[in-house]
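Here the structure comes first, spelled out in structure tokens, and everything after it is commentary.
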Amino acid sequence: MTAASSALPQHFDEIYQSIPARVTLIAVTKFLPTETIRAAYERGVRHFGESRVQEAIAKQAQLTDLPDITWHLIGHLQTNKARKAVEHFDWIHSVDSLKLAQRLDQAAQEMGRVPQCCLQVKLVPDPPKSGLDLAELDDLLPELDQLAHLKIRGLMAIPPQGASAATVRDVFCGARGLGDRINQQGFDRLHIDQLSMGMSGDYAEAIACGATMVRLGTVLLGPRPSSA
Ligand SMILES: *Cc1c(COP(=O)(O)O)cnc(C)c1O
């Protein structure tokens, strides 16, 4: 790896500092080398997001000297990788089915871990994307509330590709309203205090609607390799 490929973009600090203190910045490093993670870490970033379990495990093995990183899984997770995800991530943002949640809960129990979780929700129809729509979510909440080894405390919302500004706002502000409505139901465990929303193209809107975690890749770290 050459020095140039691991350098952070010039505007890194400007973007980093523009994120309000109440919002957790997750640097999304999928397809980027561990040198980029180290460089961002040196500037103060402690939250990193990866979309694939195997890729993250390989990087973590090279970063064992940085023990205070919080790892976030932000990509779709297959149930057969639930165990590895629980083992290697502190946060799982992409809980998109009851079956996956149950597998995660079981793995967490066996490993004595308590992963922090977000439910990935679809506020507007978006066929190519995974996520729970509102009707599904309503049905599943009581069962999700039973999962004693998961800390389900967030919603992840992603607007459809190419959505209008109005739709982007509907999705982000809708997620906030959804969190409030879930909390009003007074579940035993499930309480939403995190909104994972906002990527490079729309994080300002997400923050305006109440995002508590933004997931920034290209705007912060530069373009990913095009093979991605
Ligand atoms: C890749 C990815 C991001 C970061 O995307 P950018 O547009 O590069 O900021 C955020 N969230 C998820 C779920 C992703 O897959």
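Side-chain atoms of K30 do not come within 3.5 Å of backbone N or O of R52 as any donor-acceptor pair. With hydrogens and angles ignored, the 3.5 Å screen pairs a side-chain donor or acceptor of T212 with a backbone N or O of L195. In terms of modelled atom types and a separation under 3.5 Å, the side chain of S200 and the main chain of V219 share a donor-acceptor contact. When atom types are taken as modelled, the side chain of N183 and the backbone of H191 share no donor-acceptor pair closer than 3.5 angstrom. The main-chain N or O of T29 is found under 3.5 Å from a side-chain atom of K59 such that the two form a donor-acceptor pair. Not one N or O on the side chain of Q194 forms a donor-acceptor pair closer than 3.5 Å with the backbone of C118. When atom types are taken as modelled, the side chain of R46 and the backbone of T70 share no donor-acceptor pair closer than 3.5 angstrom. Under the 3.5 Å distance criterion, the side-chain polar atoms of D90 are matched with a main-chain donor or acceptor of W71. The backbone N or O of D133 lies less than 3.5 Å from a partner atom in the side chain of E136, making a donor-acceptor pair. A donor-acceptor pair under 3.5 Å is formed between the side chain of Q60 and the backbone N or O of H88.
What you find for L221 and A40 is that their closest heavy atoms are CD2-CB, 4.5 Å. The minimum heavy-atom distance between A157 and L123, with the atom names listed, is CB-CD2, 4.2 Å. Contact detail for E143 and D139: the closest heavy-atom pair is OE2-O, 4.3 Å. The two residues M199 and D202 make their nearest non-hydrogen contact at N-OD1, 2.7 Å. L220 and A27 get closest at one heavy-atom pair: CD2-CB, 3.9 Å. Shown here for G179 and L155, the closest heavy-atom pair between the two residues is N-CD1, 3.7 Å.
The shortest distance between side-chain heavy atoms of L32 and I37 does not fall below 4.5 Å. Side-chain contact between V45 and F12: present, with at least one pair of heavy atoms (C-beta onward) separated by less than 4.5 Å. Residues T24 and I19 are not in side-chain contact: their nearest non-hydrogen atoms beyond the backbone lie 4.5 Å or more apart. Residues H149 and V114 have side chains not in contact (no heavy-atom distance under 4.5 Å, counting atoms from C-beta outward). When side chains are defined from C-beta on, S94 counts as touching Q120, because their heavy atoms get closer than 4.5 Å. The shortest side-chain heavy-atom distance between M156 and M197 does not fall under the 4.5 Å cut-off. Put simply, the side chain of V53 reaches to within 4.5 Å of the side chain of L73, judged on heavy atoms. For the pair W91/P115, no side-chain contact is recorded, criterion being any heavy-atom separation below 4.5 Å from C-beta on.
A side-chain donor from one of R215 and S196 sits under 3.5 Å from a side-chain acceptor of the other.
Taken together through direct or relayed side-chain contacts under 4.5 Å among Ile, Leu, Val, Met, Phe, Trp and Tyr, L119 and L150 form part of one hydrophobic cluster. Linking ILVMFWY residues whenever their side-chain heavy atoms come closer than 4.5 Å, directly or via other members, places V121 and L144 in the same cluster. No path of Ile, Leu, Val, Met, Phe, Trp and Tyr side chains, each step under 4.5 Å between heavy atoms, connects L66 with I26, placing them in separate hydrophobic clusters. V95 and M213 sit in two unconnected hydrophobic clusters of ILVMFWY residues. Membership requires side-chain heavy atoms under 4.5 Å apart, directly or through other members. Linking Ile, Leu, Val, Met, Phe, Trp and Tyr whenever their side-chain heavy atoms come within less than 4.5 Å leaves I192 and I74 in two separate clusters.
With values rounded to the nearest 0.5 angstrom, R181 atom CZ is found 8.0 Å from D138 atom CG. Distance CG/L147 to CZ/R103: 13.0 Å, rounded to 0.5 Å. Note that the CZ atom of F172 and the OG1 atom of T167 stand 11.0 Å from one another [nearest 0.5 Å]. Rounded to the nearest 0.5 angstrom, I158 CD1 and D126 CG are separated by 8.5 Å. Separating the CZ atom in R38 from the CD atom in Q62 is a distance of 8.0 Å, to the nearest 0.5 Å. Of the inter-residue distances, the one linking H47 atom NE2 with L25 atom CG reads 9.0 Å to the nearest 0.5 angstrom.
Listed by first and then second residue, the salt bridge (Lys or Arg N to Asp or Glu O under 4.0 Å) pairs involving residues 145-156 are R153-D193 (not counting sequence neighbours).
Open room surrounds CD on E14; 12 or fewer heavy atoms of other groups in view lie less than 6.0 Å from it.
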Between R189 and I152, is the side-chain contact (heavy atoms from CB on, under 4.5 Å) condition met? List the steps.
CA-CA 8 Å; R189 299 189 176 87; I152 300 177; over 6 Å; no
What's the verdict on side-chain contact (heavy atoms from CB on, under 4.5 Å) for C117 and F89, showing C-alpha distance, side-chain angles and the deciding distance?
CA-CA 10 Å; C117 294; F89 289 91; over 6 Å; no
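Residues that satisfy the side-chain contact (heavy atoms from CB on, under 4.5 Å) test with A107, not counting sequence neighbours, are R83, V86, M111.
Residue Q102 forms a side-chain contact (heavy atoms from CB on, under 4.5 Å) with just one option from L98, L104, D105, L100, and that option is L98.
Relative to the six-membered ring of Y16, R43 misses at least one condition, a distance below 6.0 Å or an angle of at most 45° to the axis.
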